[in-house]
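Excluded from the calculations below are hydrogen atoms, water molecules and symmetry mates; all remaining heavy atoms, backbone and side chain alike, are included.
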Amino acid sequence: MDQTSTGRRQAFDTQVYEIVRAIPTGMVMSYGMIGALIPPPLGMDGGAFEKVRARWVGYAMSGCPDDVPWHRVVNSTGRVSARPGYGGMKQRALLEQEGVQFDERGRIRLEDHRWIPSAAWLARRGLLDAQS
DNA sequence: TCCTTGACTCAGA
DNA sequence: CTCTGAGCCAAGG
């Protein structure tokens, strides 16, 4: 892969989509969890990457392809992130339709719906940075 | 080129 | 539990 800023972003985005596409129905992952599974781009300090990966996942999701189940990605507190355009209502409705439970404060029980890919699944795609 | 925002998180108060 | 500010990078005006 090339090392230009654009090229790295493109590679990162691709990995994000690959992971999100694998989230099973009724399960969710947070931006941070997804970012933690992707290794730092070549030439980038691992510590610096930790600080921005969650946001990068958000960027990637803002332009995700139609076949990516974007509604299965929520923030670390278990709530759907507000954003212009689509109301959080739509995302919540899609999740409830899949059987995801929300409490009275609009939070998802992450303990019950958090999806964690198996080591074998990650290894198969070269995503071995499951640390942190 | 400078400045503002942003589908995030975490530590503090 | 809620609210702020900081940290860090990229994209758009």
Side-chain angles (χ1 to χ4, degrees):
Chain A
M1 329 202 148
D2 69 71
Q3 296 179 12
T4 65
S5 172
T6 310
R8 279 185 289 157
R9 273 311 305 269
Q10 215 162 41
F12 179 87
D13 291 356
T14 299
Q15 298 182 94
V16 169
Y17 302 148
E18 195 162 16
I19 293 172
V20 177
R21 269 193 277 255
I23 302 176
T25 299
M27 291 290 158
V28 301
M29 281 185 88
S30 73
Y31 302 88
M33 287 168 63
I34 294 170
L37 298 177
I38 302 174
L42 227 59
M44 178 177 230
D45 176 61
F49 179 62
E50 270 185 50
K51 301 295 185 182
V52 300
R53 60 194 186 189
R55 255 188 163 160
W56 281 17
V57 172
Y59 272 114
M61 293 311 291
S62 71
C64 74
D66 294 327
D67 63 319
V68 174
W70 56 271
H71 59 285
R72 297 186 189 139
V73 183
V74 298
N75 60 37
S76 66
T77 68
R79 286 187 238 215
V80 299
S81 294
R83 61 178 171 294
Y86 292 133
M89 292 301 289
K90 179 173 182 178
Q91 180 170 14
R92 173 168 176 163
L94 285 171
L95 288 173
E96 294 185 310
Q97 192 177 305
E98 297 184 350
V100 175
Q101 305 286 330
F102 284 77
D103 64 18
E104 49 298 321
R105 294 213 197 87
R107 280 186 321 179
I108 293 174
R109 286 191 185 186
L110 286 179
E111 320 81 58
D112 300 330
H113 299 287
R114 167 174 38 203
W115 182 65
I116 299 176
S118 69
W121 189 92
L122 293 172
R124 202 179 309 144
R125 333 228 156 198
L127 301 175
L128 303 171
D129 186 68
Q131 49 200 322
S132 80

State, yes or no, whether a side-chain contact exists between A:Met29 and A:Ile19 at a heavy-atom distance under 4.5 Å.
-> yes
Are any side-chain N or O atoms of A:Tyr17 and backbone N or O atoms of A:Ala60, one a donor and one an acceptor, separated by less than 3.5 Å?
-> yes
In whole angstroms, how far is the C1' atom of C:dC1 from the CD atom of A:Glu104?
-> 13 Å
Given C:dC8, C:dT2, B:dA7, the nucleotide with the shortest approach to the side chain of A:Trp70 = B:dA7
Would you say the side chain of A:Asp13 lies within less than 4.5 Å of the side chain of A:Arg9, judging by non-hydrogen atoms?
-> yes
With side chains defined as the heavy atoms from C-beta onward, is the minimum distance between A:Val73 and A:Val16 less than 4.5 Å?
-> no
Rounded to the nearest angstrom, tell me the gap between atom CZ in A:Phe49 and atom C1' in C:dG7.
-> 15 Å
Can you tell me if A:His113 uses its side chain to pair, donor with acceptor, with the backbone of A:Gly26 under 3.5 Å?
-> yes
Measure from the side-chain heavy atoms of A:Arg79 and tell me the nearest of B:dA7, C:dT2, C:dC9.
-> C:dT2
Side chains of A:Leu37 and A:Pro117: does their closest heavy-atom pair fall under 4.5 Å?
-> yes
Enumerate all atom pairs, one protein N or O and one N or O from nucleotides 11-13 of chain C, separated by less than 3.5 Å.
none

Non-hydrogen side-chain atoms of A:Thr25 and A:Arg72 separated by less than 4.5 Å | yes
Is it true that A:Ile116 and A:Val28 fall in one hydrophobic cluster, defined by side-chain heavy atoms closer than 4.5 Å?
-> no
Do the side-chain N or O atoms of A:Arg53 get closer than 4.0 angstrom to the phosphate oxygens (OP1, OP2) of C:dG7?
-> no
Nearest-Å distance for atom pair CG/P, residues A:Asp45 and C:dG7 | 16 Å
Does a sphere of radius 6.0 Å around CZ in A:Arg109 hold more than 12 heavy atoms from other residues, nucleotides or ligands, not counting ones at 6.0 Å or beyond?
-> no
Using a heavy-atom distance cut-off of less than 4.0 Å, which residues of residues 14-25 of chain A contact DNA chain B?
-> none
Does the side chain of A:Met61 come within less than 4.5 Å of A:Val68's, by heavy atoms?
-> yes
Which letter, B, S or -, goes with each nucleotide of nucleotides 8-13 of chain B from 5' to 3', with contact meaning a protein heavy atom under 4.0 Å?
-> BSS---
Side chain proximity check, A:Trp56 to A:Ile34, heavy atoms < 4.5 angstrom = no
